[in-house]
Amino acid sequence: MQIDQSFLQDYLVQRSFVKPQIKVSNYALVWDEFSCGIPAHEVSELSAFLREILPYISGAFFKTAEQISRVINKEVNNVREAQKIHDSFSPQFSISYRKRDHEYILQMREDGTTTIIRYETVTTIAADTQSKLGMCHKIQMNFVLGEIVFIR
């Protein structure tokens with residue numbers, strides 16, 4: 001199924017997507033230049049998720065993400081195969097925060113790079129001119145919102 005670009009533009013404008021400044025403690029969300037942002041009514045929700053999760057980033061989550069390579073290398077026990085896993089699958093540590101129609105995912109790589117992604121399922125109804133019935137389509141959209149950075 002091909003999606004008309006005007007659908008996405010209309011959808012984003014209709015939902016009032018914004019890129020607010022979000023800072024929590026010593027961390028800030030640096031928006032990806034190609035990100036559409038988030039719906040204005042979700043700003044407090046994303047801020048709350050980050051407020052809850054960020055205290056663990058520099059401690060437990062960083063240690064977990066840092067162990068990914070060590071565990072793969074130990075379990076595979078073959079340097080060439082271990083590198084193939086890293087190159088092919090880009091292993092990372094992920095935590096999600098789900099709501100009914102959308103989800104925020106925090107992904108942390110072993111080097112400490114932390115990215116926030118937003119997934120959303122959109123249901124569209126398109127008229128079927130031959131049967132005069134509506135066709136229902138579910139579209140899964142995801143946006144890389146940006147990167148969580150430590151402010152010194």
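These figures come from a predicted structure and were not determined experimentally.
Contact between L145 and G37 at its shortest, heavy atoms only, is CD2-O, 3.5 Å.
Applying the side chain to side chain donor-acceptor pair (under 3.5 Å) criterion to N142, with sequence neighbours excluded, gives no partner residue. N26 is linked by a side-chain contact (heavy atoms from CB on, under 4.5 Å) to F150, counting only residues two or more places apart in sequence or in another chain. Scored by the side chain to side chain donor-acceptor pair (under 3.5 Å) test, T113 finds D111 as partners (sequence neighbours excluded). Partners of S94 under the side-chain contact (heavy atoms from CB on, under 4.5 Å) rule, at least two apart in sequence or in another chain, are Q92, I105, Q107. The side-chain contact (heavy atoms from CB on, under 4.5 Å) check on R98 picks up S96, E103, with sequence neighbours excluded.
Note: I53 CD1 to M108 CE = 10.0 Å, rounded to the nearest 0.5 Å. Here the straight-line distance linking atom CG of L29 with atom NZ of K23 works out to 11.5 Å at 0.5 Å rounding. To the nearest 0.5 Å, atom CZ of residue F34 and atom CZ of residue F143 are 14.5 Å apart. The distance from the CD atom of E81 to the CD1 atom of I72 is 12.0 Å, given to the nearest 0.5 Å. Note that the CD1 atom of I116 and the CZ atom of F49 stand 5.0 Å from one another [nearest 0.5 Å]. The structure places CG of L46 at 4.5 Å from CG of L50, a figure rounded to the nearest 0.5 Å.
Both V24 and V43 belong to a single network of hydrophobic side chains, linked directly or stepwise wherever heavy atoms of I, L, V, M, F, W or Y lie under 4.5 Å apart. When hydrophobic clusters are built by joining Ile, Leu, Val, Met, Phe, Trp and Tyr residues whose side-chain heavy atoms come closer than 4.5 Å, directly or via intermediates, I22 is not grouped with I117. Y119 and I38 are not part of a single hydrophobic cluster, where members link through side-chain heavy atoms under 4.5 Å apart. Residues M141 and F17 fall within the same hydrophobic cluster, defined by Ile, Leu, Val, Met, Phe, Trp and Tyr side chains chained together at heavy-atom separations under 4.5 Å.
Screening residues 27-47 for side-chain hydrogen bond (donor to acceptor under 3.5 Å, both in side chains) gives E42-Y104, E42-R118, E45-H102 as the qualifying pairs, with residues at least two apart or on separate chains.
Listed by chain and number, the hydrophobic cluster partners of V149 are V30, where partners are ILVMFWY side chains within reach of under 4.5 Å, directly or through others.
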